[in-house]
Trainee: 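Here it is, the structure, as structure tokens.
Numbered from 1 within each chain, the chains take letters A, B, ... in sequence-line order. FYI, side chains are in, hydrogens and waters are out, and symmetry mates aren't considered; it's all heavy atoms of this structure.
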Amino acid sequence: MDSFANRRHIIRFIIILIGLIFAIKLFILQVADSTYKLTASNNVLRYVTQFPARGLIYDRDGKMLVYNEAAYDLMVIPRQLSPFDTTEFCQILNISKEYIDETIKKAKNFSNYNSSIFLKQVSSKTYATLQEKLYKYPGFFVQSRTLRKYTNENAAHLLGYVGEVDEKLIENDKYYKQGDYIGISGIEQTYEEYIRGKKGVNVYLVDVHNRIKGSYAAGKLDRKAEVGSNIISTIDSDLQAYGEKLMKNKIGSIVAIEPSTGEILSLVSAPAYNPELLVGRTRTKNFITLNTDTLKPLFNRALMAQYPPGSTFKVINGLIGLQEKVLWANTNYSCEGAYFSGRFRMGCHIHKSPLDFVESIQISCNTYYCNVFRSILDNKKYPSIRESFDQWRDYVMSFGFGQYLNSDLSNELKGLVPTKQRYDRIYGEKGWKSLTLISMAIGQGELGTTPLQMANMTAAIANRGYFYTPHVVKEIEGEFELDERFYKKNYTKIDSNYFELAIQGMDLAVNGEPGSGSTARLAHIPNITVCGKTGTAQNPHGEDHSIFIAFAPKENPQIAIAVYIENGGFGGTWAAPTAKLMIEKYLNDSISVSWWEDYILNAKINYNAETSKHME
Amino acid sequence: MQRRVNIWSNIDWLTVTIYLVLVILGWINIYAAVFNEDNQSIFDLSQRYGKQIVWISTAFVIAFIIFVIDINFYPFFAYFVYGIVIFALVVVLIFGTKVHGATSWLEIGNFRIQPSEFAKIATALALARYLSSHNVQINTLKSYIRIAVIILLPASLILLQNDTGSALVYFAFILVLYREGISEGILLLGFFVIVLFILALVLAKLTIILLSIAIVFIIFWFLNRRFKIVSLGLGILILNISVIYGLNELFKIGFSFYLVILIAIGISGFIYIILAIRHKIKKVVILLLFFIGSILFTNSVDFVFDNFLEPHQQKRINVVLGLESDPYGVEYNVNQSKIAIGSGGIYGKGFLKGTQTKFDFVPEQSTDFIFCTIGEEWGFAGTLFVVFVFTFFLYRLVKIAERQRSSFSRMYGYGVISVLFFHITINIGMTIGLVPVIGIPLPFFSYGGSSLLAFTILLFILLRLDASRLELLK
């Protein structure tokens, strides 16, 4: 028999007792005691992103070019907002009531829980005032980050600038969040991955009064920001500064490369702009001004401007002729002031006649190269011009023309080396012959090359047959290697022994006896053998562009340079002395004949300063 | 003697309804605890609320299956099921997967189960089977040992899995034993041991010994109510203490006061025994033994505490006893949990509006600390309702257990009550800071397939037995 049945009462009693104890405790916790309510609204998590400082950028000698400066973003988390004194708030930040309403509305649309930027880049002074009063404004907090600062106003195109990421990028790359900065051009863009470092985060508990109470979960979720890697660029900042100075009041560009490494020593695009203009809150405004400027200062001419190579290209055609064995060192062509073929005539300047190959480069005879070019294309070795043209094109391409050089600068243009299909389309497959293409004999016509490609070609000549892909970064601090393409020799399709003849001609073009017809005597530097070639790019829109390529010294070249001065006329006039000054500056660090410097500095070539006043 | 009864019409639908209410409320709160703005589809199987829907559906199917099984299956196979579960627990110990430090999961393909959850059912069945056997007298040493083996075997295996919370559940079966007539003396002794254990941790040894002396004399007074004898005993003790204290001070022996009292008690005890025998005073010896036992016990508590409990378990106990403050460690969880519940106020912040549970302040929101979500989003109204439903539920189960005609069914019923009662009490108690943090789920509420299925099976076996209660004619 169940003799303990009455114990069920005690069990029931215990069950009800526990229920009652819970009810009472819950009443105390939830109704009677208000301390938990206070603690609760308080316990709000705040994720504060730790923005790493971007890596610094140095020049090749370790001089700092780009560094960082602290700035403060005022952030807002809409859900945590409570009514506040807008008047005082507006006063501190110097903003309008409308701005507050509008920005908060936008922030709410973005997310109620996540923070968005309320006001960008508050100055340190405002920040100091704000920090004291921030407790009055729950939902707001300050996030520190860094802005770019520049030690001088040069090399803007090359360094590039930093801007906010756009929506599309945020979607594609999970690393970036709204309001983050990213390198948009130049080194900042190419090496973004290294320079940016790694964002960290601190998770805080924040109380009702907007005060940080401490780390959440003892900092378990915190992650330290990792500072970005410093970049050592290949730029010689003195040379760069000098180049930009020389190019004042001119349009064009200068690219200088160290032939033995492919390192870009300077990359000038004129007109330039002060990189400081594209930093901080005024960035957008300045960007618009720069972008609408008629002289297009944002346009990086060194990489993006395509000009015909002009007479500098005679060197290439000559080398191809030698390689193809349609031309020899002692091949002579006479010139009667022009090249004639049937009814066709191409003018030349007055010079001695006949000329051999070396003299043809020294004097830059058009007639000579019309003959050379035709003998390349009409070579009996090939069944038709279509094959010989392909062959010619291959040689040209092997110097890096008509394709991306794949430097570490973005926005490079390919330039243009026409294909036979192009002529087929225009003239029909049988409709064109060597004479049709004759303007390319002297580097005009359909050819398009960028100053970077020209400097690269010069480096290839200086190296007697090969080049390193040009690049602007020498070293990434940390354990990062540059891409291996920058350590690889790219061989042209010309045997190295032929280069000596061409170089001989380039030597004489600069250093020939007075009266010998040398075209580039203005580039002569005492005690340094500069080898150069002038060029003039035909410009359908006005005065021809002045071109000069050179390298020096002749043996063991240390600098290869290409100078373009738009509307500068004959290459010898402006481009050659500019190149000479650059070379002298780089090799000797001083200028032997100072009036040459003044001559260039004072020159104002087709440059309407009126439209570009902010460039100073 | 048996008769056939339509079981469907005899199901206790009230309990089934409560079960459904609990499961649905549980799911709503899991949804709220895991909810985030980006992911709102309730059938998203990558989210816990999505998975829980699958578990709930499975539970319903299993509940149905249980109703189809013949009731004679349960008592008949009770030991067999128990054996299988013990085997599974051993297998887990060897091949188990570690989750949160406890090796309690068995992985079979993509499927993960926690045998310890099902061990409760088997133990309830086996215990009921044993106690309902014809020739079992509960208050014999033989029964005590067998009962202890049935209960403590799975408990120790689970303890070995490092799942202390689930192991403690087995102490709840004391309720079954109590109902079935285990001696009150044994229970009182157990109760006293627990009280003493806590006191030993909280109070200084000197306080305990003085307190014990007071208690013993009070009991002594109630036992014989003779002022002369009680005051004589007290006088002897005080005299002894004074003399030994005096000697200690005089000769600078350097005994601590605690030791002085111990020696005095020893000498007094000796005198007491002589006097007691000479004057035939009853129960002095028992009281003395009891006293000495508690002194020894309190002294061993620290040893047990320091050597047998893991540091985190020591911490949890210390925090509840108020001996330790650790706002970002152990206390952090309880603190955040109390903040979440407390911040709910009377009516709560509203569904999905909780901030404390949403931002991961509260650990294990969807499992062990699911009660926080109720507290925060539904306020005192919500928690009171849930506490009421649970209380009513348990009360109802007592009624069901009591109306069983077979003692097996009744005992199993109490087994169900024990397990559920323990889970509910410990789980809610821990979230509101009344008991140490012991990681066990809130029945039917907490996220988790194994626990939901196990509780469902546990409950529905009882409902199945109950539905057929009229089949048995006495």
Trainee: Quick one: do A:R196 and A:D180 make a salt bridge, cutoff under 4.0 Å?
Mentor: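 So A:R196 does not pair with A:D180 through a salt bridge.
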
Trainee: Name the orientation class of the two ring planes belonging to B:F445 and B:F390 (parallel below 30°, tilted from 30 to 60°, perpendicular beyond 60°).
Mentor: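 Tilted.
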
Trainee: Look at A:I15, A:I14, A:I16, A:I21 and state which one has the largest set of heavy-atom pairs under 4.5 Å with chain B.
Mentor: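 It is A:I15.
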
Trainee: Quick test of your reading of the model: are A:R54 and A:E188 salt-bridged, counting only N-O distances below 4.0 Å?
Mentor: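 Here A:R54 pairs with A:E188 in a salt bridge, since their nearest N and O are under 4.0 Å apart.
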
Trainee: Most heavy-atom pairs under 4.5 angstrom with chain A, which of B:I346, B:T383, B:V387?
Mentor: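 The candidate making the most pairs under 4.5 Å is B:T383.
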
Trainee: Classify the ring geometry between A:Y137 and A:F84 as parallel (under 30°), tilted (30 to 60°) or perpendicular (over 60°).
Mentor: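 A:Y137 and A:F84: perpendicular rings.
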
Trainee: Counting only heavy atoms closer than 4.5 Å, note whether A:I18 contacts chain B via side chain, backbone, both or neither.
Mentor: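 When you check distances to chain B, only side chain atoms of A:I18 fall under 4.5 Å.
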
Trainee: So which part of B:Y414 gets closer than 4.5 Å to some heavy atom of chain A, the side chain, the backbone, both or neither?
Mentor: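 Only the side chain of B:Y414 comes within 4.5 Å of chain A.
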
Trainee: What residue, out of B:Y395, B:F388, B:F392, has the most heavy-atom pairs lying under 4.5 Å from chain A?
Mentor: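 The answer is B:Y395.
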
Trainee: Run the ring-centre check on A:Y99 versus A:F118 and record whether the distance is less than 6.0 Å.
Mentor: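 Yes, they do, as the ring centres are separated by less than 6.0 Å.
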
Trainee: Less than 4.5 Å to any heavy atom of chain B: does that hold for the side chain of A:L20, its backbone, both, or neither?
Mentor: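 Neither part.
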
Trainee: Regarding B:E180 and A:R7, does a basic nitrogen lie under 4.0 Å from an acidic carboxylate oxygen?
Mentor: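 A salt bridge is absent here (no side-chain N lies under 4.0 Å from a carboxylate O).
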
Trainee: Given that the side chain runs from C-beta out, which part of B:F371 has a heavy atom under 4.5 Å from chain A: side chain, backbone, both or neither?
Mentor: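 Only the side chain of B:F371 comes within 4.5 Å of chain A.
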
Trainee: Without hydrogens or angle criteria, can the side chains of B:K349 and B:S343 be said to hold a donor-acceptor pair below 3.5 Å?
Mentor: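 There is such a pair (donor and acceptor under 3.5 Å, judged by atom type) between the side chains of B:K349 and B:S343.
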
Trainee: Of the backbone (N, CA, C, O) and the side chain (C-beta and beyond), which part of B:Y178 lies under 4.5 Å from a heavy atom of chain A, both, or neither?
Mentor: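 Contact with chain A is through both the backbone and side chain of B:Y178.
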
Trainee: If you count heavy-atom pairs under 4.5 Å with chain A, which of B:I424, B:I417, B:I428, B:L384 comes out on top?
Mentor: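 Among B:I424, B:I417, B:I428, B:L384, the one with the most close pairs to chain A is B:I428.
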
